[in-house]
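For reference, the structure discussed in these notes is given below.
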Amino acid sequence: MTKFGLLLPLGEFATPQAIAGRAVEAEAAGFDSAWVIEDYYSWEAFGSLGYVAAVTERIALGISVTTPYVRSAPLLASSAATLDQFSNGRLILGMGRSSGTMLGQIGIEDRKPFATMREYTEAMRQLWRGGEMSYDGQVVKIDRIVPDVLPVNGKVPVVIGAIGPQMLELAGEIADGVVLTG
């Protein structure tokens, strides 16, 4: 079954009212999802979708995409679980490596993208199950964390932003979907 999503306003012309208003319009028009892009020097995705969650009821809320390099795996899992709770289970978490150029602009090194994507996805899913967990990967290191906030349905769908064939293959292996870019 075909589903339709809408990218919400972004950039210098976006306002809180424009972002939320477009989501309300998309929901009323029957769209299945409303999406924001996490841009590291513009509107922050989790805050934006928190506001959108408060003014909508059924439309799925997607992040297209955030990079794991800006948050630790437990913080990203907690951010997603929190937003999922506030939206009553409507979050779709998009994760991607971003670009080396964009990461460089904010002082972050593009390191081990495939291990990072795999380990973040695995660690977050373990955290979302609840209870004490540890993880010892190449990139993700977690020592006996017990999360306080869990997703509404015990998990958040994870989609991966992928461009090249290797990342597409990894997305097919570990993700619930893929976000393609032009």
Side-chain angles (χ1 to χ4, degrees), residues 1-11 13-40 42-71 73-98 117-118 120-130 147-163 167-168 170-182:
M1 182 166 141
T2 303
K3 293 186 177 192
F4 291 97
L6 180 70
L7 180 63
L8 299 178
L10 61 143
F13 300 108
T15 65
Q17 297 76 20
I19 293 167
R22 183 64 51 87
V24 168
E25 291 170 358
E27 185 172 72
F31 280 82
D32 298 292
S33 56
W35 295 80
V36 296
I37 293 171
E38 180 146 86
D39 192 343
Y40 310 112
S42 187
W43 297 96
E44 194 272 338
F46 289 93
S48 298
L49 286 183
Y51 184 41
V52 170
V55 298
T56 58
E57 295 178 6
R58 69 147 193 91
I59 197 165
L61 306 175
I63 297 175
S64 174
V65 299
T66 188
T67 182
Y69 297 125
V70 298
R71 293 176 183 86
L75 179 58
L76 185 54
S78 176
S79 298
T82 299
L83 183 51
D84 193 65
Q85 282 286 337
F86 274 94
S87 68
N88 196 28
R90 295 185 284 148
L91 179 64
I92 303 166
L93 177 62
M95 220 173 33
R97 71 184 272 207
S98 190
M117 298 303 289
R118 177 183 298 283
Y120 266 69
T121 302
E122 291 171 354
M124 288 188 307
R125 286 179 173 156
Q126 288 179 30
L127 285 161
W128 292 333
R129 287 188 204 119
D148 289 335
V149 181
L150 301 175
V152 171
N153 298 310
K155 69 175 194 159
V156 172
V158 175
V159 296
I160 292 184
I163 296 172
M167 194 61 78
L168 282 167
L170 180 65
E173 182 183 333
I174 65 170
D176 297 301
V178 66
V179 175
L180 301 172
T181 185

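Treat the numbers as computed from the prediction; the structure is a model and nothing was measured.
Within 6.0 Å of CG in Leu7 there are more than 12 heavy atoms belonging to other residues, nucleotides or ligands. Within a 6.0 Å radius of CZ in Arg22, other residues, nucleotides and ligands contribute 12 heavy atoms or fewer. At most 12 non-hydrogen atoms from other residues, nucleotides or ligands lie less than 6.0 angstrom from CD of Glu57. The number of heavy-atom neighbours closer than 6.0 Å to CZ of Phe86, taken from other residues, nucleotides and ligands shown, is 12 or below.
Checking Thr67, Val65, Val70 one by one against Glu38, the side-chain contact (heavy atoms from CB on, under 4.5 Å) holds for a single residue, Val70.
Taking both residues in full, the closest heavy atoms of Pro16 and Trp43 are given as CD-CH2, 3.4 Å, listed atom of the first, atom of the second, then distance. Here the shortest heavy-atom pairing between Ala23 and Ala34 reads CB-CB, 4.4 Å. Between Ala123 and Ala73, the shortest heavy-atom contact is CB-CB, 4.3 Å. Counting all heavy atoms, side chain and backbone alike, Val178 lies closest to Ala171 at CG2-CB, 4.2 Å. The shortest non-hydrogen separation linking Pro157 to Asp176 is CA-OD2, 3.3 Å. Ala81 approaches Val149 most closely through the heavy-atom pair CB-O, 3.5 Å.
Going from atom CD of Gln85 over to atom CG of Leu150 covers 7.5 Å, rounded to the nearest 0.5 Å. Atom CG in Leu180 sits 12.0 Å away from atom CD1 in Ile160 (nearest 0.5 Å). We find the CD-CG distance between Glu27 and Leu6 to be 12.0 Å, quoted to the nearest 0.5 Å. The CG atom of Leu61 lies 5.5 Å from the CG atom of Leu49; values are rounded to the nearest 0.5 Å. Separating the CD1 atom in Ile63 from the CD atom in Glu44 is a distance of 7.5 Å, to the nearest 0.5 Å. With rounding to the nearest 0.5 Å, the separation of CD1 in Ile59 from OG in Ser87 is 12.0 Å.
Sorted by first and then second residue, the salt bridge (Lys or Arg N to Asp or Glu O under 4.0 Å) pairs involving residues 75-92 (not counting sequence neighbours) form an empty list.
The side-chain contact (heavy atoms from CB on, under 4.5 Å) check on Leu76 picks up Phe46, Thr66, Arg71, Leu93, Met95, Tyr120, Met124, with sequence neighbours excluded.
Within the 4.5 Å cutoff, no side-chain heavy atoms of Tyr51 are placed close to those of Ile19. Contact of the Leu10 side chain with the Val36 side chain is not registered, since no non-hydrogen atoms from C-beta on lie closer than 4.5 Å. Val158 has its side chain within reach of Trp128: a pair of non-hydrogen atoms, C-beta onward, lies under 4.5 Å apart.
Proximity of a side-chain donor or acceptor of Asp32 to a complementary backbone N or O of Gly5 within less than 3.5 Å is not detected.
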